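Predicted model only: the values in this text are computed from it and were never measured. All values below were derived from every heavy atom in this structure, side-chain atoms included, with hydrogens, water molecules and symmetry-related copies excluded. In the text below, chain A, chain B and the rest are named by the order of the sequence lines, each starting its count at 1.
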Amino acid sequence: MSDERTLDLLEAKIQELRELNKVEGLDLSAEITKLEKKLAKMRTELYANLADWERVRIARNTKRPYALDYIAEIFSGFYELHGDRMSGDDRALLTGLSELDGEKVAVIAQQKGRDPAENKERYFGMVRPQGYRKAIRMMRLAERFGFPIISLIDTPGAYPGLESEENNIGGAIAASINSMIEVSVPTIAVIIGEGGSGGAVAIGAADRLLMLENAICSVISPEGAAAILGKSKERVKEAAAALKLTAPDLLDLGVIDEVIPEPLGGAHKDLQQTASALKESIIRNLGELSQASTDSLLASRFERYRNVGRYSILSG
Amino acid sequence: MPIFKDKQYFRVNLEKEADEALWLRCKSCGELVFKRRVRENNNICPNCGEYFFLTARERVESLIDEETFEDVSKPIVADDPLGFQDEKPYPQRLEEAQEKTGLPSAIILASAKIEQMPVVLGVMEFQFIGGSMGSVMGEQICHGMEEAIRRRCAFILVSSSGGARMQEGAFALLQMVKTTAVRARLAEERLPFISVMTYPTTGGVQASIASLGDIIIAEKGAMIGFAGRRVIKETIAEELPKNFQTDTFAIEHGMIDRVVKREDLRSELATVLRFFQEGRDE
Ligand SMILES: [Zn+2]
């Protein structure tokens with residue numbers, strides 16, 4: 001049974017041999033090739049048919065690229081705009097002006113922290129009411145000047161705390177969904193890491209919903225589901241599978257439009273490669289949406305969400 | 001896999017089954033009280049004023065004019081799109097909830113009158129899997145708003161829900177968007193939407209349709225909020241005030257318009273309906 005640690009160890013070993021090969025003038029190439037093959041095989045075994053729980057772990061991997069990493073790769077410049085004009089500036093949800101492939105766009109992005117200090121500032125990517133109110137402000141601005149909206153989703157969920165509830169986090173999410181529905185410019189949402197419940201939906205109600213291959217989207221965290229069901233912590237993996245939260249599952253269910261491929265092992269193995277696939281997809285989808293008139297854009301968006309759901313019709 | 005596949009969708013009526021027990025003991029004051037008197041009193045203890053739980057049927061009955069009830073729900077029942085299984089398969093959970101409540105889903109959708117004014121009324125049933133919102137509830141709420149548009153009347157939604165229905169995964173989550181999208185149509189038509197929050201109005205329901213009322217009224221004793229106490233404690237271990245997520249908390253923090261006693265809810269709804277109805281060109 002291989003896991004990520006074994007792969008990392010093997011990779012390090014191969015690197016070591018390569019160094020030796022150079023310095024000592026020994027011919028270790030046969031050994032290196034053998035190990036490289038083994039590594040490739042193990043990697044495929046581990047990642048090609050990833051268990052749902054493994055994807056959850058990749059989606060939450062602290063080495064995984066975050067929104068600002070993609071923004072730097074994909075857009076030309078990011079002119080950040082701060083604050084909700086009421087109570088503060090949420091650092092877990094960033095908004096700004098940018099250019100994509102020569103076109104002006106408005107960006108709304110959820111951002112996690114890399115280290116404890118940054119995570120303190122960014123509340124581990126959990127958005128508070130002021131974050132959603134800032135997002136709404138950005139949507140209005142985008143609409144006024146006709147900028148398409150690109151929203152990058154990566155949050156465990158809205159911030160669950162007294163401060164959030166006092167400022168009506170539920171009402172802020174509702175208002176944000178409402179703005180997403182009403183805004184008269186093309187909207188594309190991409191789940192790049194965690195799409196946690198209402199906290200993700202708030203900026204996810206777009207014309208196109210895309211997902212990176214190892215991103216997840218769930219109504220509740222696997223841990224939360226396991227807790228509700230009175231299961232022990234070890235049953236979290238089962239909950240992860242039951243929730244159908246992976247990108248391939250959600251594509252099968254018709255909930256998302258497209259899965260954007262990641263390199264074997266996850267986006268963190270090759271940021272450039274992932275970012276370039278992401279960029280290609282956003283540009284292509286935006287191109288399609290830009291063909292439509294505002295009326296037909298809004299009509300299609302309405303139809304899309306009016307019809308979402310699965311049920312059976314019986315004779316009354 | 002549809003539930004009740006071989007059965008017909010059944011229309012809800014308000015007829016009560018005979019109840020064997022004549023008396024019940026109030027948990028609040030400890031008095032034995034005559035059950036019929038409790039029922040006639042909106043399920044409020046005649047002795048101490050404690051609110052007993054109202055089923056969706058009882059709630060509908062307490063709000064509308066007699067003999068005006070008509071079930072206008074769509075003949076739909078839940079699917080099991082994820083093949084969800086925990087201790088029980090989801091279809092079994094659904095069947096048990098249907099048995100327990102005598103309802104096809106967690107919401108009653110009716111056309112009725114309140115003080116002679118026509119309304120479309122949706123009432124959630126908490127005893128049906130925690131009143132959770134899945135594809136069926138989302139569709140019924142949208143259908144209710146569209147029915148209100150056809151009938152040129154107000155839409156009232158009485159929430160009692162723990163949030164999105166976990167067993168339907170992303171489909172449940174997207175009902176937040178779906179109901180919001182149709183709610184915008186109701187607004188375009190300038191028809192009033194009154195959201196009534198009762199115990200409890202939380203999670204994905206509070207974070208979408210319930211918070212989008214033109215008027216938001218909370219029943220006294222309601223619980224209103226997004227994240228549950230358990231989640232908050234587990235995530236951030238924060239001390240929470242005694243009145244956390246209560247009706248008083250909600251009104252103090254500007255989340256709702258009014259807190260209304262159960263016995264006054266019907267007349268308050270009538271007051272609001274009358275205000276929005278007057279001067280409307282019909
Ligand atoms: Zn009593």
Side-chain angles (χ1 to χ4, degrees), chain A residues 126 156-162 164-175 177-178 180-182 197-198 200-202 204-205 217-220 223-225 227-231 238-239 242-245 249-250 253 255-256 301-302 304-316, chain B residues 2-5 7-9 11 74-79 81-82 84-87 135-136 138-139 142 164-166 168-178 180-184 203-204 206-209 211-212 225-227 230-232 234-236 238 240-241 244-245 249 253-255:
Chain A
M126 296 183 284
Y159 180 68
L162 178 60
S164 268
E165 298 288 336
E166 283 175 337
N167 291 295
N168 196 7
I169 183 72
I173 290 172
I177 296 173
N178 193 51
M180 282 294 281
I181 285 296
E182 290 187 333
S197 179
V201 174
C217 176
S218 184
V219 62
I220 185 170
E223 291 84 353
I228 285 183
L229 301 170
K231 284 176 171 175
E238 277 173 47
L243 287 166
K244 298 275 189 286
L245 43 64
D249 277 342
L250 293 166
L253 291 169
V255 167
I256 60 167
R301 188 186 299 159
F302 181 79
R304 176 192 181 98
Y305 289 109
R306 176 64 189 83
N307 296 322
V308 71
R310 292 272 181 90
Y311 48 77
S312 291
I313 301 171
L314 302 182
S315 53
Chain B
I3 316 306
F4 280 2
K5 196 171 189 176
K7 298 178 195 173
Q8 276 225 321
Y9 184 76
R11 295 279 151 196
K74 265 194 170 176
I76 55 174
V77 287
D79 267 358
L82 310 188
F84 197 92
Q85 164 120 25
D86 39 81
E87 307 93 68
S135 293
V136 169
E139 180 62 29
C142 291
R165 184 169 293 170
M166 177 177 71
E168 292 186 25
F171 289 112
L173 211 46
L174 288 173
Q175 301 309 305
M176 297 169 72
V177 184
K178 173 169 171 160
T180 302
V182 179
R183 192 267 171 271
Q206 194 256 341
S208 65
I209 190 68
S211 285
L212 294 171
F226 180 63
R230 187 187 57 79
V231 176
I232 296 175
E234 275 175 15
T235 317
I236 51 163
E238 201 168 49
L240 299 171
F244 185 63
Q245 292 180 336
F249 181 89
H253 291 100
M255 296 159 67

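- Put simply, of B:Ala170, B:Gly203, B:Ala227, B:Ala164, the one with the most heavy-atom pairs under 4.5 Å next to chain A is B:Ala227.
- Annotation for A:Ala227 and B:Arg230: closest pair CB-NH1, 3.6 Å, computed over non-hydrogen atoms.
- For the residue pair B:Asp79 and A:Ser312, a side-chain donor N or O sits within less than 3.5 Å of a side-chain acceptor on the partner.
- Contacts between A:Leu250 and chain B at a heavy-atom distance below 4.5 Å involve the side chain alone, from C-beta outward.
- Rounded to the nearest 0.5 angstrom, B:Met255 CE and A:Asn167 CG are separated by 9.5 Å.
- For A:Met180, no part lies near chain B; criterion is any non-hydrogen pair under 4.5 Å.
- The line from CG of A:Leu162 to CZ of B:Phe244 is 6.0 Å long, rounded to the nearest 0.5 Å.
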* To do: Determine, stepwise, if the pair A:Val201 / B:Gln175 fulfils side-chain contact (heavy atoms from CB on, under 4.5 Å).
  => CA-CA 10 Å; A:Val201 174; B:Gln175 301 309 305; over 6 Å; no
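- At a 4.5 Å heavy-atom cutoff, the contact between A:Ile181 and chain B is made by side-chain atoms alone.
- Residues A:Phe302 and B:Ala181 come closest through the heavy atom pair CE1-O, 3.6 Å.
- Of the possible donor and acceptor atoms, one in the side chain of B:Lys178 sits under 3.5 Å from a partner among the backbone N and O of A:Arg306.
- Looking only at heavy-atom pairs under 4.5 Å with chain A, the residue among B:Thr180, B:Ile209, B:Leu240 that has the most is B:Thr180.
- For the set B:Val182, B:Ile76, B:Leu212, the entry with the most heavy-atom pairs within less than 4.5 Å of chain A is B:Ile76.
- Put simply, the side chain of B:Leu174 reaches to within 4.5 Å of the side chain of A:Val255, judged on heavy atoms.
- Using a 4.5 Å cut-off between heavy atoms, A:Glu166 contacts chain B through both its backbone and its side chain.
- Between the CD atom of B:Gln245 and the CD atom of A:Glu165 there is a distance of 4.5 Å, given to the nearest 0.5 Å.
- Counting heavy-atom pairs under 4.5 Å between each of B:Leu173, B:Val231, B:Val136 and chain A puts B:Leu173 at the top.
- Heavy atoms closer than 4.5 Å to chain B are found in both the backbone and the side chain of A:Ser197.
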* After noting the C-alpha distance and the side-chain angles of A:Val219 and B:Arg165, does the key distance pass the side-chain contact (heavy atoms from CB on, under 4.5 Å) rule? -> CA-CA 8 Å; A:Val219 62; B:Arg165 184 169 293 170; over 6 Å; no
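- Using a 4.5 Å cut-off between heavy atoms, A:Ile220 contacts chain B through its side chain alone, with no backbone atom that close.
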